[in-house]
Amino acid sequence: MLAAVISPVTLQAESVVPQIEESDVATLPPLSPHMLLLTGDGSIKGTRIIDGDSGKILGTIHTQDLTNVRIAPDGAFFYVAETIWTRGNRGVRQDLLTIYDARTLKIVDEIDLPGRLLVGNRRQTFEISADGRHAFIYNMDPASSVIVVDLARRKVARTIEIPGCALVFAGAAATISSLCGDGTLSTIGIDARQSQDLTPAQPFFSAEDDPIFDNSIADPKSGKAIFLSYSGLVYTATLAPGQGVDAPWSLQQAAGMSPASTRPLEVSWLPGGRQLIAYHRATGTLYVLMHMGEFWSHKEDGKEIWVVDVANRKVLRRHRLAEPVSHIQVSQDDAPLLFLNIENKLVIVDAKTFEEKKSLDNVGNGMMMVPGE
Amino acid sequence: MLAAVISPVTLQAESVVPQIEESDVATLPPLSPHMLLLTGDGSIKGTRIIDGDSGKILGTIHTQDLTNVRIAPDGAFFYVAETIWTRGNRGVRQDLLTIYDARTLKIVDEIDLPGRLLVGNRRQTFEISADGRHAFIYNMDPASSVIVVDLARRKVARTIEIPGCALVFAGAAATISSLCGDGTLSTIGIDARQSQDLTPAQPFFSAEDDPIFDNSIADPKSGKAIFLSYSGLVYTATLAPGQGVDAPWSLQQAAGMSPASTRPLEVSWLPGGRQLIAYHRATGTLYVLMHMGEFWSHKEDGKEIWVVDVANRKVLRRHRLAEPVSHIQVSQDDAPLLFLNIENKLVIVDAKTFEEKKSLDNVGNGMMMVPGE
Amino acid sequence: MDKIRTDALSERLLRSLAGRTSRRGMLARLGAALVAAPAFPLLPVSRAEAAKDRTAQGLTDFARHAQSKDDTNCDYWRYCAIDGSLCSCCGGGLHTCPPGTEPSPTSWVGTCINPDDGVAYLIAYRDCCGTAMCGQCGCDNTDRESQIYRPQANNDIYWCFGTASMEYHCSTAVLVGVAQ
Amino acid sequence: MDKIRTDALSERLLRSLAGRTSRRGMLARLGAALVAAPAFPLLPVSRAEAAKDRTAQGLTDFARHAQSKDDTNCDYWRYCAIDGSLCSCCGGGLHTCPPGTEPSPTSWVGTCINPDDGVAYLIAYRDCCGTAMCGQCGCDNTDRESQIYRPQANNDIYWCFGTASMEYHCSTAVLVGVAQ
């Protein structure tokens, strides 16, 4: 009787339905430069892995609101920093660094974290060191700290207090850097013996009068960083012990205009949006979402993309957008693609000609990551 | 030193910010006939409590996809049947009956359940007995059962197997009823000694050829039920031991047309939608969402509301809708409101004149409950 | 390809089994067998009455307009009773789950007519589970779709019984055999 | 109503404290004190520079168009730096959380000008927490809104520190005092 129940075949042979197709599961192709990871928030959650050439979805990582995703430097893993309550909106809070195999999207490990800041649309609340050995998670509870995770041993190594500062940039020489409310940059060694601030504490911007956008550009390998202020001042810096920040220059001046003002009533072209800058490292080209407006309009979506030669401090091109854009990213190869997002719609554009290649709806509206950025 | 840290006041008196308004928390007014509970799914989650007269949101119960909500007969509690994994999409599955205070929306208790079926847009997967003493949760794993919860003792009392059947209607005389795949109705006592099928096992419909919609109408007090088939046949029944189902009649005939056909190519006015029928008990008035189409179009949104006098088997009125509607509900007082929903938009209409009173966007698109239904 | 000589029996099967032994034990075991089997057996299914007539007069609205070229569109012939996101738009395919998801060993079933040969085929709509809603290519076709009391013909149920996680991601349309 | 004689000091305060004792222990205690205090103290805040000039020439775009009649609209004057759903549309009010949610004891802060008296007021944007997104009346105003390194002036952070659940539902705009 039991056998008959276990197998409907023996129970009633005539009723058996033979199956001519087997169900299987796809794996992802190896990481390639035109692959994009797009993390949705709000109404469309999940991180979609998109092939920039075909415009097709290759797979989805399960991520919730306020999740941060990073690509391992060697392309083997996707790292997810996430916070989940055991009962959805209640129960026990679980802060996790979840490690996914980058081909199968299976969970390889889940590392418990002592916390993380809950905020959306920020790149620098989670970073991986250039050698892939450490993950850095910014925490605020509301005291500020950076949690250092040893990715080889898969456990939390230590917590670095960064009072008055926030965010985490992976710098050169085993350091992390943070931006501080007093307008300084703080660089600290990730080794416990180097926990002193290693930078000259020179304020270089005003957090009240012309803040620098949290979403800046930093290369974990070289420590080269680009900061951008609300008014359009560009600060270049090297994130390493003893290094300072270069004198800023104006994006608007680089486009042949007067520098923008921070005063009321004055209208300028200003940077704005969420993920509002992208950087093509090999050519030193910065892409900035710009809009016309008064100061304190720093979240307004971009109406133009300004293409900036950072070394020569020159705006090479101003591209007018057919529809506003809140998020921008650029692939790091020598036939680069621009990824533009507005309200869950992704548009893929040739970064040299601005020709539209593909578009995709309902993919989410959040931070975009590309390999090698 | 410690005191100074605990109180910024003593640390630096000048920096203290006095506050002239205190934060507080609202409570809900007592349950009244024009209050609506609308459970969202998909992009807009949560169950919104809406005042039908003002069209304003009074509060929100935290509910996720595939959650069912019921109002306690005495109005003291909202009951939520929900399923939550400890890690969002993974971890330990938790099936819960969560009890909320109907004034404060605070959680009063959470009762662990041995399971529940995960399906959306169904009314009869969760029901409360007329006396408020029992909750019934339909489970399929994939075997069929009904979980009986003792709400006074706040624990699961027993599980009743209902092989081949599904859903749970709270009937009169401490029974539950279910619809079965062989076209019968099964009525079983909730007491362990009455676990036999108490109804004559007479098939009265065909689950293959002209299924009855899961979303039917049943009054836990009287056991009076109304079932509606895809083709528009109306079956009335009393859910009680020994009772059968009355011979059906055609909605289309009640509107002066030929009865609808189940054959391909034939076009008729047919019932369709998600929550596609609502019943005003005091006047015996049924509201049905109807559309023109072929058979097997049973999920198509309504283009008309048919107002049906059930006792006299007569369509009193056909109201043409300005936009299609997927969900309909009616308040149970003598100045009834109709609640119409399509794609997260709620429209509140006078049930007698069909005059639009209020509308509200982004409230979710799912099952609607009213007091005393 | 074997032909299908089934008749509606699943609930009746359950009911008759239930009469002969402890219903709970029996059904639990039956459930476990169905979900655990490695070869993805189907619940025994009914041959839909509507599948008998293959003339244009016998076709549903869906079948009259179905195509066989593009499996990322809702009108692809196999999708006559699918509800949800097409896995073909989510990194999977007609019988392939996207990376990181798991095909459900259980499924609901449709009978769809291939416009190329006019033959009715049995299609198993196997959900891919474990990751939240793909959200692409949402379809809801309802040919011969019944209600929950006939679960294997209902497309609203989350058909993720027997997978590690019951989170629904997308649906595949696996060709099972000829329905005649 | 007391006037405010604060100056920007919160991060500097933290930094100076940090020099004198174990930073972790100190900050943990400071954090706990801030979140646990029953009277909803604010982080000490800066008087915004822009609040000094109350002439039409000194007003932001938001302030020039703000109104004082309807607190369910994004252009209500107190909302000059709010981000999220207005609790006034969710069953709460300007300083009232909807049923079942909990006001956060911490908050971010804005300096907004009341069009009726031309006076700049300090506004505490206190999140109501514990229930998922209300989703009504979404606003995102950014007068003098800074970034995360100046957290009490940033409106993107989930300001639910110290509540039982950090799920964000909506934001209130509590009047704190005159900023001058």
Side-chain angles (χ1 to χ4, degrees), chain B residues 1-29 40 43-51 54-65 67 78 80 98 100-108 344 360-364, chain D residues 1-7 9-10 13 17 20-21 26 29-30 32-34 36-37 39-45 72 87 89-105 107 109 122 124 126 128 130-136 138 165 167 169-170 172 174-177:
Chain B
M1 188 61 216
L2 185 64
V5 173
I6 298 226
S7 165
V9 179
T10 55
L11 187 72
Q12 182 171 340
E14 284 192 341
S15 71
V16 176
V17 175
Q19 186 169 314
I20 61 163
E21 285 180 351
E22 286 288 330
S23 283
D24 51 12
V25 181
T27 53
L28 290 168
S43 63
I44 300 183
K45 301 185 207 302
T47 296
R48 284 167 185 78
I49 303 163
I50 295 160
D51 173 23
S54 67
K56 288 205 183 306
I57 292 177
L58 302 172
T60 304
I61 308 171
H62 184 93
T63 56
Q64 315 179 58
D65 281 345
T67 300
F78 299 127
V80 173
T98 307
Y100 287 85
D101 182 282
R103 301 296 296 277
T104 65
L105 288 188
K106 286 190 176 150
I107 292 179
V108 175
N344 302 320
L360 202 52
D361 271 319
N362 299 317
V363 288
Chain D
M1 190 186 299
D2 285 358
K3 289 184 183 165
I4 294 156
R5 291 153 294 156
T6 60
D7 211 338
L9 65 75
S10 59
L13 167 68
L17 283 173
R20 274 176 276 153
T21 181
M26 180 58 74
R29 282 198 301 278
L30 179 58
L34 286 168
F40 301 110
L42 293 164
L43 288 169
V45 292
T72 65
C87 291
C89 300
C90 307
L94 275 174
H95 58 83
T96 304
C97 286
T101 67
E102 188 186 356
S104 170
S107 71
V109 175
L122 228 61
R126 212 178 285 300
C128 298
T131 298
M133 212 68 93
C134 160
Q136 296 291 306
S165 156
E167 189 85 39
H169 187 63
C170 63
T172 61
V174 180
L175 189 65
V176 167

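Letters A, B, ... are given to chains in the order of the sequence lines, protein chains preceding strands, and every chain is numbered from 1. Side-chain atoms are counted along with the backbone in the values below, which use heavy atoms only and exclude waters and symmetry mates.
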Heavy-atom side-chain contact between D:Pro99 and B:Leu28 under 4.5 Å = yes
key: Non-hydrogen atoms of B:Ala26 and D:Thr96 that approach each other most closely   = N-CG2, 3.5 Å
query = Highest number of heavy-atom pairs under 4.5 Å with chain B: which of D:Gly100, D:Cys97, D:Gly91?
reply = D:Cys97
remark   = The interface call for B:Leu360 against chain D, heavy-atom contacts under 4.5 Å, is side chain
query = Is the backbone of D:Leu175 close enough, under 3.5 Å, to the side chain of B:Glu21 for a donor and an acceptor to pair up by distance?
reply = yes
message = Return the CG to OG1 distance between B:Leu105 and D:Thr131, rounded to the nearest 0.5 Å.
response = 7.5 Å
task = Go through the structure and list residues passing side chain to side chain donor-acceptor pair (under 3.5 Å) with B:Thr47, not counting sequence neighbours.
result = B:Thr39, B:Thr63
remark   = Those residues at least two apart in sequence (or on a different chain) that pass side chain to side chain contact (heavy atoms under 4.5 Å, CB included) with B:Ile44 are B:Arg48, B:Asn344, B:Asn362
key: Side chain, backbone, both or neither of B:Asp361 within contact of chain D (heavy atoms, under 4.5 Å)   = backbone
request  = Let me know if B:Thr60 has heavy atoms under 4.5 Å from chain D in its side chain, its backbone, both or neither.
outcome  = both
remark   = Here the pair of heavy atoms bringing B:Val25 nearest to D:Pro103 is CG2-CD, 3.5 Å
key: B:Glu22 side, atom CD; D:His95 side, atom NE2 - distance, nearest 0.5 Å   = 9.5 Å
inquiry  = Any non-hydrogen side-chain atom of B:Ile57 less than 4.5 Å from a side-chain atom of D:Gln136?
reply    = yes
